[in-house]
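Before any comments, here is the structure.
Throughout, protein chains are lettered first and strands after them, A, B, ... in sequence-line order, and every chain is numbered starting at 1.
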Amino acid sequence: MGIRLYNSLTRGKEDFSPGNPDRVLMYVCGPTVYAHSHIGHARSAVSFDVIYRYLKYRGYKVEYARNYTDVDDKIINRANEEGVDPAELAVRYIKAFDEDMAALGVELPTYRPKATETIKEIIEVTERLIGKGFAYAVDGDVYYSVKLKKDYGKLSGKNIDELEAGARVEVDERKNDPLDFALWKAGKPGEPSWESPWGMGRPGWHIECSAMCMKWLDETIDIHGGGRDLIFPHHENEIAQSEAATGKAPYARYWLHNGFVNIEKEKMSKSLGNILNIRDALKEHTSEVLRLFLLSSHYRSPIDYTQDSLNEAEAAVERFYKTLKRIADECPDAVAADSRPSGSEERLNGLIEAMDDDFNTAEVIGNIFKEVNRANRALDEARASGKRTSATELSFILFAFKEAGRFLGIFNKDPEGYFREKNSRSAMPAEEIERLIMERNEARRLRDFKKADSIRELLLSRGIALEDTPKGTEWTVRR
RNA sequence: GGCGGCGUACCCAAGUGGCAAGGGAGCAGUCUGCAAAACUGCCAUCCAGCGGUUCGAAUCCGCUCGCCGCCUCCA
C-alpha cells in the first residue's frame, strides 16, 4: 500500500503516483505580503509542511516551491496608505512571514521564489500565450481569453456560460469577454513597473504562479496546493494559462486544498475585525500547541479556533511530555536503547497507514495517545509490583513517538527542554519556588499538614502547581 | 441562482460496507497525610431525520431538515 490522497480535480481519493519518485514536484501558493500573516496562513503552511515532511519520510525526493506574491494591488494600496515604497513593504512582510514560519517549526521549502524575481519568465509565458492565440494585448494590458479552452472550469466545477450570467466582475470594455483576466497590467505612475513588449507594467496575479512553477519545477508537476478559496478563480486560471501555454495536461496531477480556520465559529474577516495573526496567537500558546491544534483535525476540514480547543491542545501536549519525562525518570534503559529497536517497525504500521490515507494526522495523534496510555500503564504496573519496567516495550513506544515527531513536527522535544521552557514563564522566581517547596517538605516531614497545604495553596494562587512524585516534589506553571 | 462541503456522545474529533479511535469535561474507584499526576471502570444498542440497496451501512443511493464555503486578487 502506498499513499492515497484526495484530489480536488477529480473529487476523490487516488493512489499517489508521481511522474518521478526521485523528483516529486510540489508547489504551494504562499502569501501576498502586505500584512502580518494570520492563523489561516499558518494552517496552510503547517498542513503542507507535514505533507512535505511525510513524502520525504516515505522515501520520495521532493522539490517543494512556495512563493511570495510581492507585487500586487493590495501591496501597492497598503504602501500608499503608509507612504512607503511597495517593495520595502513587501520585504518587511516577507521577513515577518519567515519569522512566523520559523516560530511554527515549518521547514524551509526547497525554493522560495518571489514574483518580482520572475518577471522575465512571466513575460515569456505571456508571449507564448499571445503567440498561440490564447491572449491579446490592449493598451499595455494583456488578457487571457477564457473562452478558447473548452475545459475551463474543470477544477472548480463551473461552466463558463453560468459564470457569465452571474458575473459580478465589473465590465471592462477593452476585454473581449468579461471573464478574461489580466496576465499583464499596464503600469500607472508611481507603481512598481518593469519593461515589457507591451510597455512598462507589472504581472497579473495568476500568471506569476504558472511562471514560478515552470521556472523552478517543471511544466507538469505532481502536487499543487493552497487554501480552499484559491480553487476559483486563482487555480482555475493557473490551470488554463499553464496548459494553454505548454499544450500539456494536466498541469498538476494532484490538487490539494486545505480548509479554513474560523475564530470562535466565525469566519475571519476584516469586516468582523477578528483576524488572528500568527504572532498574536504565539503570545498565547506555544508553537507546539498551535501545531497540535491544527493537526488534530483533517487538513481539508474547516476548524474552529476557540479558547476551549486550544486549551485542550495544551493539555494534550502537557500529557505527552509528562509521560515522556516519566519514561526518562523511571526507565532510563528505554531511553538509552537503540533508537530503532529491532521488531519495532510493526509498531509504526498504524501511524503509516493513517498518514498514507490522505495525511490523516488526527488519527495519528489518536494513536499516539494510545501509546501514551500504554506507556503509563506499563510504568504503573512496574511501580505497583516493585519490579523494573520492561525497557523493550517502552523503547518501542519511544520509537513510535520519535518517528511521528519527524513528520508531524511536534512531540520531538526532550522533556527537560519542554518543562524548562514552560517553567521559564513563571511569574515567581524559581529559587523562591524551590525555597517554598523545601519549607513545605519540612512541614510535611513534621506532619504539619496545615502548614504544608497552605504553602501549596499559596503557590497555586501564584500559578504554580505542585506534584509529589516518587522522585520528589515537582512544580509546573499552570495558566 | 450555480458549484462544493458538512451534520458522530456534554465539548473537540477519527472512522466511508462487518459488532463506534483518541482527547477534554463529568461520575466512581486505586494510589496519596491531603492533593496532583497516572491507572481502572462508567459515560453514543448508536452515528441530523425518513426511506431504499445489501446477509450486513455511521459508511452506498434518494428525499427532507439544519449549518458552512466558493462564485469579490480572502490561506
Any pair counted as salt bridge (charged side-chain N to carboxylate O under 4.0 Å, His left out), so long as it reaches [range], sequence neighbours left out:
range: residues 95-104 of chain A; result: A:Lys95-A:Glu99, A:Asp98-A:Arg112, A:Glu99-A:Arg279, A:Asp100-A:Arg279
range: residues 229-238 of chain A; result: none
range: residues 26-50 of chain A; result: A:Asp49-A:Arg53, A:Asp49-A:Arg291
range: residues 268-278 of chain A; result: none

Integer angstrom distance from the [atom1] of [N] to that of [M]:
N: B:rA14; M: B:rG23; atom1: C1'; answer: 11 Å
N: B:rU59; M: B:rA36; atom1: C1'; answer: 42 Å
N: B:rG18; M: B:rA57; atom1: C1'; answer: 9 Å
N: B:rC39; M: B:rA25; atom1: P; answer: 12 Å
N: B:rG49; M: B:rU54; atom1: P; answer: 23 Å
N: B:rU16; M: B:rC27; atom1: C1'; answer: 34 Å
N: B:rA20; M: B:rU8; atom1: C1'; answer: 8 Å
N: B:rU32; M: B:rC19; atom1: P; answer: 41 Å

Whole angstrom value for the distance that separates [atom2] of [N] from [atom1] of [X]:
X: A:His234; N: B:rG69; atom1: NE2; atom2: C1'; value: 19 Å
X: A:Arg374; N: B:rG22; atom1: CZ; atom2: P; value: 10 Å
X: A:Asn159; N: B:rC3; atom1: CG; atom2: C1'; value: 10 Å
X: A:Trp184; N: B:rC73; atom1: CH2; atom2: P; value: 20 Å
X: A:His235; N: B:rC73; atom1: NE2; atom2: C1'; value: 12 Å
X: A:Tyr68; N: B:rA75; atom1: OH; atom2: C1'; value: 15 Å
X: A:Leu272; N: B:rG69; atom1: CG; atom2: P; value: 10 Å
X: A:Tyr6; N: B:rC6; atom1: OH; atom2: C1'; value: 12 Å

Closest-nucleotide 5' rank along RNA chain B - winner of A:Trp205 and A:Ala452: A:Ala452
Base, sugar-phosphate alone, or nothing: which one does [X] contact when heavy atoms must sit under 4.0 Å apart?
X: A:Arg377; answer: sugar-phosphate
X: A:Lys270; answer: nothing
X: A:Gly366; answer: base
X: A:Lys370; answer: sugar-phosphate
X: A:Ile231; answer: nothing
X: A:Gly204; answer: nothing
X: A:Phe369; answer: sugar-phosphate

A:Asn7 (side chain) donor-acceptor with A:Leu9 (main chain) under 3.5 angstrom: yes
Presence of A:Asn373 side-chain N/O under 4.0 Å of B:rU40 phosphate oxygens OP1/OP2: yes
side-chain hydrogen bond (donor to acceptor under 3.5 Å, both in side chains) partners for A:Ser193, two or more places apart: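 With neighbours one apart ignored, the set is empty.
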Set of side-chain hydrogen bond (donor to acceptor under 3.5 Å, both in side chains) partners for A:His257, sequence neighbours left out: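 A:His257 satisfies side-chain hydrogen bond (donor to acceptor under 3.5 Å, both in side chains) with A:Ser8, A:His235 only.
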Where protein sits on nucleotides 10-18 of chain B, one letter per nucleotide: B base, S sugar-phosphate only, - none, heavy atoms under 4.0 Å: -BSSSSS--
Find every protein N or O atom lying less than 3.5 Å from an N or O atom of nucleotides 34-37 of chain B, and list the pairs.
| unit_1 | atom_1 | unit_2 | atom_2 | d |
| --- | --- | --- | --- | --- |
| B:rC34 | O2 | A:Arg456 | NH2 | 2.2 |
| B:rC34 | N3 | A:Arg456 | NH1 | 3.1 |
| B:rC34 | N3 | A:Arg456 | NH2 | 3.1 |
| B:rC34 | N4 | A:Asp468 | OD2 | 3.0 |
| B:rA35 | N6 | A:Asp468 | O | 3.2 |
| B:rA35 | N1 | A:Asp468 | N | 2.9 |
| B:rA35 | N3 | A:Arg456 | NH1 | 2.9 |

For RNA chain B, the residues among residues 26-41 of chain A that have a non-hydrogen atom under 4.0 Å from it: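 Within residues 26-41 of chain A, the residues near RNA chain B are A:His38, A:Gly40, A:His41.
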Return the minimal non-hydrogen interatomic distance between [X] and [Y], and the atom names on each side.
X: A:Ala316; Y: A:Phe369; value: O-CZ, 3.4 Å
X: A:Pro332; Y: A:Glu330; value: CD-C, 3.6 Å
X: A:Val364; Y: A:Ala354; value: CG2-CB, 3.7 Å
X: A:Leu458; Y: A:Ser461; value: O-OG, 2.6 Å

Any residue meeting side-chain contact (heavy atoms from CB on, under 4.5 Å) with A:Thr286, in chain and number order, not counting sequence neighbours: A:Glu288, A:Val289, A:Glu421, A:Arg425
Are [Y] and [X] an aromatic pair, judged by ring center distance below 6.0 Å?
X: A:Tyr254; Y: A:His224; answer: no
X: A:Tyr64; Y: A:Phe48; answer: no
X: A:Phe293; Y: A:Tyr305; answer: yes

With the side chain of [X] defined as its heavy atoms from C-beta on, choose the nearest nucleotide among [options].
X: A:Leu230; options: B:rC39, B:rA75, B:rG4; answer: B:rA75
X: A:Asn258; options: B:rG24, B:rA75, B:rG33; answer: B:rA75
X: A:Lys158; options: B:rC39, B:rG2, B:rA75; answer: B:rG2

A:Phe260 ring over B:rA75 six-membered base ring, under 5.5 Å and 30°: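 Ring-base stacking flag set for A:Phe260 and B:rA75.
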Those residues that, when tested against A:Arg66, pass salt bridge (charged side-chain N to carboxylate O under 4.0 Å, His left out) (two or more places apart):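 Applying salt bridge (charged side-chain N to carboxylate O under 4.0 Å, His left out) to A:Arg66 gives none.
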Verdict with supporting geometry, A:Arg347 and A:Glu393, salt bridge (Lys or Arg N to Asp or Glu O under 4.0 Å): CA-CA 10 Å; A:Arg347 207 52 179 252; A:Glu393 169 69 5; 3.2 Å; yes
Range-with-range stems for RNA chain B, at least three Watson-Crick or G-U pairs under 3.5 Å: B:1-7 with B:65-71, B:10-12 with B:22-24, B:26-30 with B:38-42, B:48-52 with B:60-64
